[in-house]
Protein chains: 2
Amino acid sequence: MKQDLRVIKTQESLRHALLILIKEKPLDSITVAELCRLANINRGTFYLHYKDVHGVFKHYLEVIVKDLRKSYEEPYYKTNFKIENIKPDMIKIFHHVKNYQEFYQIIFDQHIPMMYYYLLFDTVRSFMKETIDRMNQERMKNVQVDYLVSYQTNAILGILIEWHQNEYSTSIDELNQQLILILSINSPFRKGIQ
Amino acid sequence: MKQDLRVIKTQESLRHALLILIKEKPLDSITVAELCRLANINRGTFYLHYKDVHGVFKHYLEVIVKDLRKSYEEPYYKTNFKIENIKPDMIKIFHHVKNYQEFYQIIFDQHIPMMYYYLLFDTVRSFMKETIDRMNQERMKNVQVDYLVSYQTNAILGILIEWHQNEYSTSIDELNQQLILILSINSPFRKGIQ
DNA sequence: AAAAATATTGAACATGTGTTCAATAAAAAT
DNA sequence: ATTTTTATTGAACACATGTTCAATATTTTT
């Protein structure tokens, strides 16, 4: 049996309507009722598919996060397991965020639930974990990897928060440079020491 | 002119009622209406003081954050500007979070708005900034301090997120040890290098 | 103690929420 | 093409939201 056409149509209408509304007003001021009015969907039908407006928005974040994952999986120097590759990985994140800036402006907003932050966190964390697992260095014995990975991941997100708070005024080039500087004074991912 | 007694009474009633309700059910399921019923406050009066239920809860986070700030300002080896003091500072945060665990379980919840996270972020960030400003090291030239500080701050919050996600099962001692290990492999705050 | 100032109340209103249900429409299966 | 399945609809429900306003109660000022 195939996926019911009516379901697809309903969900697409709602998503399309949300896309229009978030260009007009803050996400947290959009009601289920007005979304349904615009989408020409019965409000009862809405609740058959989503719990609330965030349920509809989450679909977009999932698309966005999938794109980030895809860009991470691009084979650049994947054969080369050198630790310094953390930089190009993280720099990809900056391009990604800039690319979807309209959405990230929403995601990092004061009034928006933590769930979106956590979705981004989990995604970046999985990259970070892969990188750190590959290292498996002597000086990391005794460290619980989960804490190290979350520490590193959230550090990167800290840069994104700062970027958000200065309204994305820093250029990507400058941001890259800052990251490299920070990592160079402050990272297990550099050579020359230890 | 003094602060009106009626205002104090109203706000205290509401805060007291909220304290009761958050022990029974998730914060985001508490309505203005039921809070007012329990507090014996007219719903119209509520809106003279707060915008929503989060407005009431925020008061508690402000108290909590004030306590964190106070604990930070305790003079331990404040005369000694050594960089390694970052550790005791951050370790204080762990004690603080454990102390107010019931609240932080709410603050880090999926459904709760980012505002509480940012309030914590800003507080920890101000400690971190002080520490980093004091360092002013050669290898930090060219770094925009704002990015470095946000990076370091959010890294610490990353440990708290991890702690939250494993339901605070890691002991404070173990957490301290993990932090020291992470900082020792991964920090500008250690001696011996540079 | 009386007067002035102001916070709280109750009632009302339009709108939103989340749920239920039988009737209907649309799609999938035969 | 007909039958079977199921998604959507409209109507209704109790309750929540956010606002307004005149009446009342409480506090502060004099």
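Just so it is clear: chains get the letters A, B, ... in the order the sequence lines come, proteins before strands, and each one is counted from 1. No experiment lies behind these values; they were computed from the predicted model shown.
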Whole-Å distance separating the [atom1] atom of [X] from the [atom2] atom of [N]:
| X | N | atom1 | atom2 | result |
| --- | --- | --- | --- | --- |
| B:E34 | C:dG18 | CD | C1' | 15 Å |
| A:R37 | C:dT15 | CZ | P | 9 Å |
| B:Q11 | C:dT8 | CD | P | 8 Å |
| A:F46 | C:dG18 | CZ | P | 9 Å |
| A:Y47 | C:dT19 | OH | P | 8 Å |
| A:I8 | C:dA28 | CD1 | P | 8 Å |
| A:I30 | C:dG16 | CD1 | P | 13 Å |
| A:L5 | C:dA25 | CG | P | 19 Å |

>> With a 3.5 Å distance limit and no angle check, can you tell me whether A:Y118 reaches the backbone of B:F108 through a side-chain donor-acceptor pair?
In response: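 Looks like yes, one N/O pair under 3.5 Å.
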>> Any side-chain N or O of A:H49 below 4.0 angstrom from OP1/OP2 of D:dA7?
In response: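 No, outside the criterion.
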>> For a quick test of reading the model: is some side-chain N or O of A:T45 closer than 4.0 Å to OP1 or OP2 of D:dT9?
In response: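 So the side-chain polar atoms of A:T45 do come within 4.0 Å of the phosphate oxygens OP1 or OP2 of D:dT9, strictly under.
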> Of the nucleotides D:dA16, C:dT8, C:dG16, which has the atom closest to the B:T10 side chain?
Replying inline: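 From the listed options, C:dT8 comes nearest.
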>> For B:Y116 and B:D109, which I'm curious about, is there any donor-acceptor pair between the side chains at under 3.5 Å?
In response: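 No, because no side-chain N or O of B:Y116 sits under 3.5 Å from a partner of the opposite role on B:D109.
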>> Salt bridge check, A:D122 against A:K129: does any charged N sit closer than 4.0 Å to a carboxylate O?
In response: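 Result for this pair is no, no salt bridge flagged.
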> Are any of the side-chain nitrogens in B:D52 or B:K58 under 4.0 Å away from the carboxylate oxygens of its partner?
Replying inline: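 Answer for the salt bridge query: no.
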> Under 3.5 Å, is there an N or O donor on one side and an acceptor on the other linking the side chain of A:R6 and the base of C:dA27?
Replying inline: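 Absent.
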> Less than 3.5 Å between a donor and an acceptor, one on the side chain of A:R43 and one on the base of C:dG16, is that the case here?
Replying inline: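 Between C:dG16 and A:R43, which were checked side chain against base, a qualifying N/O pair under 3.5 Å is absent.
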> Taking A:Y104 as the fixed residue, which of A:H164, A:H96, A:K98 is the one that meets the side chain to side chain donor-acceptor pair (under 3.5 Å) rule?
Replying inline: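 Filter result, single survivor: A:H96.
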>> Nearest heavy atom decides the nucleotide; on that basis, is A:N40 or B:K51 closer to the 5' end of DNA chain D?
In response: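 That would be A:N40.
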> Hey, does A:D4 reach any base, or is it just sugar-phosphate, or nothing, if we go heavy atoms under 4.0 Å?
Replying inline: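 If one applies the 4.0 Å heavy-atom cut-off, A:D4 turns out to touch the sugar-phosphate alone, with no base involved.
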